[in-house]
Undergrad: 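Please find one structure pasted underneath; my questions will follow.
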Amino acid sequence: MINQDNKIYNFAPGPAMLPDSVKQQIIDDMPDWRGTGSSVMEVSHRGPVFRNLVKETELLVREILDISDEYDILMTPGGARLQYSMMPMSFSSLTGKTMYFVHGHWGKSAILEAQKFCNARPLVPYKQGEIYTAIPEYDMSQLDDSFDYFHYTTNETLEGVEWQDIPENNGVPMFCDMTSNLMTRPIDVSKYHLIYASAQKNLGIAGITIVIIKKSMLDIAPNNLPLMLDYRTYAKHDSLWNTPPTFPWYVMNLMLNWIKSTGGLSAIESRNTQKSAKLYDFIDNSNFYSNNVKVDNRSKVNVTFLLADENLNETFVQQADAVGIKAIKGHRAVGGMRASLYNAMPIAGVNALIEFMQQFEKDHG
Ligand SMILES: Cc1ncc(COP(=O)(O)O)c(C=O)c1O
């Protein structure tokens, strides 16, 4: 027996675990998807069956996030990182100014890319090697309409530092990297001009990125962009201009149906709150484990923690792996451990992790 449930729990930060029912559906669909006689991987993206999936997926996103017709929903390749380039190329210029809020690894990556295309400034100065344990104090009065847009990251996946509210944007179009927490709780889309998230954490598998963009933004972009880097190409052609990542699109559709059938985002949020609260509570009550993220900024989806004795890190990871607790090691830039508790992680996985941590403490504390 590996753990009490005899199950593997994958705490990877992405690609991440999928719900069992979604994996089973993929297996069931493989020989004959929706009566096509083929798998979804073998049918034309322009045929009626795949086009139905495209329409259905868009409607599910609109319904789950309550998105109005003022927005287009696009599916792009290239991960979240491609968005780091597309945003400044489309919505600023070499003579333009943009404001970035940096509170971790991904925010830094985003601003560094933007600086190739425009004058991208950090709202709060940052240091390259800094490991964030809180959202830094900030003064939004610097943000005014001389900036083309304001960008931030809702959840810093490596550090486990998450915004719990929405920052003020002083009327400047607000863009947001929600790669690690889109669809983990309800959000007010109307506050944003652009939201993006690659799928491999809460929305299926790698290969596809969802972009929710205010239609009015599309008129602003310059006309000389390469077609595949122009949001309008995706908007005009239902994201089917080139041959898209059809399998990841199909898995996203299954994930959205799963989110809906398990109660939608309010239910998802209360499960995520319960899972993370249980783990933080355990860590806070231990002298062997610690989490040094400011309590109000703690992530509900990436719980980072340290062992009192760093020399035990390797043993911890190996023994966890042996009992079915997979991919628990923290990112090399941050160290320690990280438990990613995305939507598909059941509370039973958190219980199994805590049980293992208790036993490890008994053996090594
Ligand atoms: C918050 C955040 N932004 C961006 C990325 C990069 O995503 P991709 O690899 O899809 O480009 C990640 C990946 O972990 C992430 O967590």
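Counting convention: from 1, in listed order, for ligands and their atoms alike.
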Undergrad: State, with a plain yes or no, whether a side-chain heavy atom of Tyr100 is found less than 4.5 Å away from one of Pro122.
TA: no
Undergrad: Looking at atom 3 (N) of ligand 1, what's its closest protein heavy atom, distance included?
TA: Asp177 OD2, 2.7 Å
Undergrad: Please report which non-hydrogen protein atom sits nearest to atom 12 (C) of ligand 1, along with the residue it belongs to and the distance in Å to one decimal place.
TA: Trp106 CE2, 3.3 Å
Undergrad: Does the separation of the ring centres of Tyr250 and Phe247 fall below 6.0 angstrom?
TA: yes
Undergrad: Which protein non-hydrogen atom lies closest to atom 9 (O) of ligand 1, naming both residue and atom, and how far is it?
TA: Gln200 NE2, 3.8 Å
Undergrad: Do ligand 1 and Ala80 have nitrogen or oxygen atoms that lie under 3.5 Å from each other?
TA: yes
Undergrad: Of all the atoms in ligand 1, which lie at a distance below 4.0 Å from a heavy atom belonging to Arg81?
TA: 11 (O)
Undergrad: Provide the number and element of each atom of ligand 1 under 4.0 Å from a heavy atom of Ser198.
TA: 7 (O), 8 (P), 10 (O)
Undergrad: Determine, for Asp296 against Lys294, whether the closest basic-nitrogen to carboxylate-oxygen distance falls under 4.0 angstrom.
TA: no
Undergrad: How about Phe316 and Phe356: are their ring centroids closer than 6.0 Å?
TA: yes
Undergrad: Taking only heavy atoms of Gly79 into account, list the atoms of ligand 1 that are under 4.0 Å away from them.
TA: 10 (O), 11 (O)
Undergrad: Before signing off on this row, confirm whether Asn155 and ligand 1 have an N or O atom pair separated by under 3.5 Å.
TA: no
Undergrad: Please indicate whether any nitrogen or oxygen in Thr157 is less than 3.5 Å from any nitrogen or oxygen in ligand 1.
TA: yes
Undergrad: Within the 4.5 Å heavy-atom criterion, are Phe91 and His193 side-chain neighbours or not?
TA: no
Undergrad: Starting from atom 14 (O) of ligand 1, what is the nearest protein heavy atom, named by residue and atom, and what distance separates them?
TA: Lys201 NZ, 2.7 Å
Undergrad: Would you mind checking which non-hydrogen protein atom is closest to atom 4 (C) of ligand 1, with the distance to 0.1 Å?
TA: Tyr84 OH, 3.2 Å
Undergrad: Salt bridge or not for Glu159 and Lys108, using N-O below 4.0 Å?
TA: no
Undergrad: Is there a side-chain contact between Gln164 and Lys300 (heavy atoms, below 4.5 Å)?
TA: yes
Undergrad: Distance-only, no hydrogens or angles: does the Tyr342 side chain make a donor-acceptor pair with backbone N or O of Pro13 under 3.5 Å?
TA: yes
